[in-house]
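Here is the structure we will look at, set down as structure tokens.
All values below come from the heavy atoms of this structure, side chains included, with hydrogens, waters and symmetry mates left out. Just so it is clear, the structure is predicted and the values come from calculations on it, not from any experiment.
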Amino acid sequence: MKQLLAAALLAVSAGTALAQPAPRNTLVVLREIDADNYDPPRSTARSAGESLYMMSDTLVSLDWDMKTVKPGLAERWEVSPDGRTYTFHLRRDVTFCDGKPFTARDVVYTMNRWLDPATRSPVRWRAGPVKEVRARDDHTVEYELNEPYGELLYQLSLFFASIVDQATVEKLGPNFGVQGFNGTGPYCWVSWTPRQELVLQKHPNYRWGPPIYANPAPQVDRVIWRVVPESQTRLAALQTGQADATQYIPPIAISQLRQMPNVRMSTQENYFWDYFVGFKVDKPVMNDPAVRRAINQAVNRAAIVQAVWFGSAKPADAYLNPNTAGYDAEAAKLVPGYDPEAAKRTLDEAGWRMGPDNVRVKDGQRASFLTYVINTQQSRQVLEAMQADLRRVGIEMKIQMWDATVGWGRLATQEFDAFMMSYPYVTATDGFSLYFDSRNRPTPNRMNWSDPATDRALEQAKVALDPAARMAAIAEAQRLVAAANVWFPVAREQLWVASSMRAEGVRAHGIYGVALYKGLDIRLTR
């Protein structure tokens, strides 16, 4: 660890992008990668959301507990008795960065653009089963659904629902979010140099931040989102005053950074970003529930998580974080624990006999499967450890790694038997509707899970008006999936933000993986 940090200090001299101290009253935030664009409905990248939450606002916001919906651009709202119409009453003191007053027409335009097939939003479904979004007057919006959708407020807190300015979108066309942006957020677009930095300037009129912050207005003049791929350089920049904050910390460095007097550390317990291995349940070998159960029993997830994340993640003993709205403890009990002897018995009882090469065989089929994954250090370490554990019980796992430029395309095919991935979610219904709805095959339901009972439970969880009925339905979906061992849950990542001593008020939030959210309480002491 000491060698890593010493190397980090030396790395600064080689990095021209970090050659000067952070400018006065300019917050320099470091990240590992850039976004593809900064148009809310067109990017699902966490790196897009990091900046979009600062450049724009949503109708509602999410509290630190990740469960409580708070006001945003809407100061209050009502829901009709049938759960199909949400009436949002908008603030009257909001302006866009160019000074234009914000009105209900901007909400209607934004939502219609999100829903428009021409926008090609990969997250269009998050807006719900919309019948019509209309402006009743300049400060009242009616959001009418074809059926109840209990997830709506949570979904409207995500950056995909950020309100944008119609005139700027029409002026820039496909280059909106690439060559410019106009939102109502605390910071305004100045310039973007792809793969290097995005520069934002304080919105001078902004006084309408979410009530979760002590300050409704930004406390610093400028924010620079700087891309620094090398972890050692990011660490060194924080310690030498050349940068102010980052959530992109190598796991091995976290415990040491927590002991350093010149670095502040903030974490968030209610952080929902999980790693898992999913199985294509209709492919040979993977179509045997006994094999999927045995994999869950044979792999020592606790040892893997400690070796890969060095204590900065927790073993995922369930499909969801226990702090998630809608989490079902009974479903968690259905996920098998580590017991390699039980794994052997499970395979024996299902008729899988050890072959001459120490790989089990049943009806002429070897217990061998191919796993696809995007090539990262963490994924490589996890899968290689799984591979070793599985071999001990007679299962062969082959691994194919792909660069991200082609990997996502490969993961949309039927070429593989299993895959590893990480993902953010807001609620239990959010996560399970994404991955286990049969309509989402072949992606993101890459498991090809097609179960009418699960579909009915998910639909009921979304449309039920009674909270108890919604909870019972999503609990049923969790139990069905867990009992079938459709995944091997791996790890629950923890969120840490490291910041320089001059940056006060840095607090990890975590919505959709984003640490700083609005960052309104951050101020610089020098």
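Remark: side-chain polar atoms of T413 are paired, donor with acceptor, to backbone N or O of R410 under 3.5 angstrom. The backbone N or O of A515 sits less than 3.5 Å from a side-chain atom of Q247, completing a donor-acceptor pair. With hydrogens and angles disregarded, no donor-acceptor distance shorter than 3.5 Å links the side chain of S499 to the backbone of V506. In this structure a side-chain-to-backbone donor-acceptor pair under 3.5 Å is missing from E75 to F88. A donor-acceptor pair is defined here as one N or O able to donate and one able to accept, closer than 3.5 Å; such a pair exists between the side chain of T119 and the backbone of R113. Distance alone, capped at 3.5 Å, places no donor-acceptor pair between the N215 side chain and the D521 backbone. Checking side-chain atoms of R264 against main-chain N and O of A503 turns up a donor-acceptor pair under 3.5 Å. For the pair Q268 (side chain) and N270 (backbone), a donor-acceptor distance under 3.5 Å is present. Within the 3.5 Å criterion, the main-chain N or O of A303 finds a donor-acceptor partner in the side chain of N300. Checking side-chain atoms of T324 against main-chain N and O of A428 turns up no donor-acceptor pair under 3.5 Å.
In this structure, W487 and Y435 have perpendicular ring planes: the angle between them is above 60°, well past the 30° mark.
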Quick one: side chains of residues 52-59, donor-acceptor pairs under 3.5 Å with protein atoms, not counting sequence neighbours, listed by atom name and distance.
from	atom 1	to	atom 2	distance (Å)
Y53	OH	S157	O	3.2
Y53	OH	F159	N	3.0
S56	OG	L52	O	2.5
S56	OG	S162	OG	3.1
D57	OD1	Y206	OH	3.0
D57	OD1	K518	NZ	2.7
D57	OD2	T184	OG1	2.8
D57	OD2	W208	NE1	3.0
T58	OG1	V60	O	2.6

Show which side-chain atoms of residues 187-199 pair as donor or acceptor with protein atoms under 3.5 Å away, not counting sequence neighbours.
from	atom 1	to	atom 2	distance (Å)
W192	NE1	D34	OD2	2.9
E197	OE1	R226	NE	3.2
E197	OE1	R226	NH2	3.1

Discussion item. Quick one, T525 with E504, criterion side-chain contact (heavy atoms from CB on, under 4.5 Å). Give me CA distance, side-chain angles, the key distance, then yes/no.
Written reply: CA-CA 7 Å; T525 58; E504 296 185 346; 3.4 Å; yes
Practice prompt. List the steps, then state whether salt bridge (Lys or Arg N to Asp or Glu O under 4.0 Å) holds for R42 with D36.
Written response: CA-CA 9 Å; R42 293 197 299 122; D36 49 347; over 6 Å; no
Fill in: side-chain contact (heavy atoms from CB on, under 4.5 Å) between T427 and K67, intermediate numbers included
CA-CA 8 Å; T427 68; K67 294 181 180 179; over 6 Å; no
Worksheet item: When you look at M447 and N445, which way does the side-chain contact (heavy atoms from CB on, under 4.5 Å) test go after all the steps?
Response: CA-CA 5 Å; M447 299 78 59; N445 181 350; 3.6 Å; yes
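Using a 4.5 Å heavy-atom threshold, the side chains of F276 and Y423 count as touching. Annotation: side chain of Y143 is in contact with side chain of L152 (closest heavy-atom distance under 4.5 Å). In this structure the side chain of L27 never reaches within 4.5 angstrom of the side chain of I224, judged on heavy atoms. The side-chain heavy atoms of V220 and T26, taken from C-beta on, include no pair separated by under 4.5 Å. A heavy-atom distance below 4.5 Å is found between the side chains of M260 and Q239. Between T246 and V497 the shortest side-chain heavy-atom distance does not fall below 4.5 Å. Taking the side chain as every heavy atom from C-beta outward, W309 and Q378 approach each other to under 4.5 Å. Side-chain contact check for S121 versus P40: every heavy-atom pair is 4.5 Å or farther apart.
Heavy-atom minimum distance, A412 versus T443: CB-CG2, 4.2 Å. Residues I212 and L62 come closest through the heavy atom pair CD1-O, 3.7 Å. K398 and Q387 make their closest contact through CA-NE2, 4.4 Å (heavy atoms, listed as atom of the first residue, atom of the second, distance). The two residues S43 and A48 come nearest to each other via the heavy atoms OG-CB, 3.5 Å. Closest approach of G505 to I522, counting heavy atoms only: O-CG1, 3.8 Å. Residues N375 and S379 come closest through the heavy atom pair C-OG, 4.2 Å.
Pairs passing the salt bridge (Lys or Arg N to Asp or Glu O under 4.0 Å) check and including a residue from residues 158-174, sequence neighbours excluded, read K100-D165. Screening residues 212-234 for ring pair (Phe, Tyr, Trp, His ring centres under 6.0 Å) gives W64-Y213 as the qualifying pairs, with residues at least two apart or on separate chains. Within the structure, no pair that satisfies the ring pair (Phe, Tyr, Trp, His ring centres under 6.0 Å) test touches residues 92-116, not counting sequence neighbours.
For the pair D93 and R91, the salt-bridge criterion is met [side-chain N within less than 4.0 Å of a carboxylate O]. A salt bridge links R105 and D138; the closest N-O separation between the charged side-chain nitrogens and carboxylate oxygens is under 4.0 Å. Electrostatic pairing of D116 and R124 does not count as a salt bridge here, judged by no charged N lying under 4.0 Å from a carboxylate O.
No side-chain donor-acceptor contact under 3.5 Å links Q219 and R523. For the residue pair T68/D65, the side-chain donor-acceptor check at 3.5 Å is satisfied. Side-chain N/O atoms of N25 and D221 include a donor and acceptor closer than 3.5 Å. Side-chain atoms of E493 and S422 form no donor-acceptor pair, as typed in the model, at a separation below 3.5 Å.
Checked against the 6.0 Å centroid criterion, the rings of Y425 and F272 qualify as a close aromatic pair. Between F160 and Y512, a ring centre-to-centre spacing shorter than 6.0 Å is recorded.
Put simply, OH on Y327 and CD on Q478 are 8.0 Å apart, with the number rounded to the nearest 0.5 Å. With values rounded to the nearest 0.5 angstrom, S47 atom OG is found 10.0 Å from E32 atom CD.
For A482, the side-chain contact (heavy atoms from CB on, under 4.5 Å) partners two or more places apart in sequence, or in a different chain, are Y319, L334, V335. Scored by the side-chain hydrogen bond (donor to acceptor under 3.5 Å, both in side chains) test, R92 finds H139 as partners (sequence neighbours excluded). Partners of D106 by salt bridge (Lys or Arg N to Asp or Glu O under 4.0 Å), not counting sequence neighbours: none found. With sequence neighbours excluded, no residue satisfies salt bridge (Lys or Arg N to Asp or Glu O under 4.0 Å) with R222. Checked against side-chain contact (heavy atoms from CB on, under 4.5 Å), N112 has the following partners two or more places apart in sequence or in another chain: V108. For S266, the side-chain contact (heavy atoms from CB on, under 4.5 Å) partners at least two apart in sequence or on another chain are R507, A508. With sequence neighbours left out, P315 forms a side-chain contact (heavy atoms from CB on, under 4.5 Å) with R301, A302, V305.
Checking each of R24, R234, R502 against D244 for a salt bridge (Lys or Arg N to Asp or Glu O under 4.0 Å) leaves exactly one that passes, namely R502.
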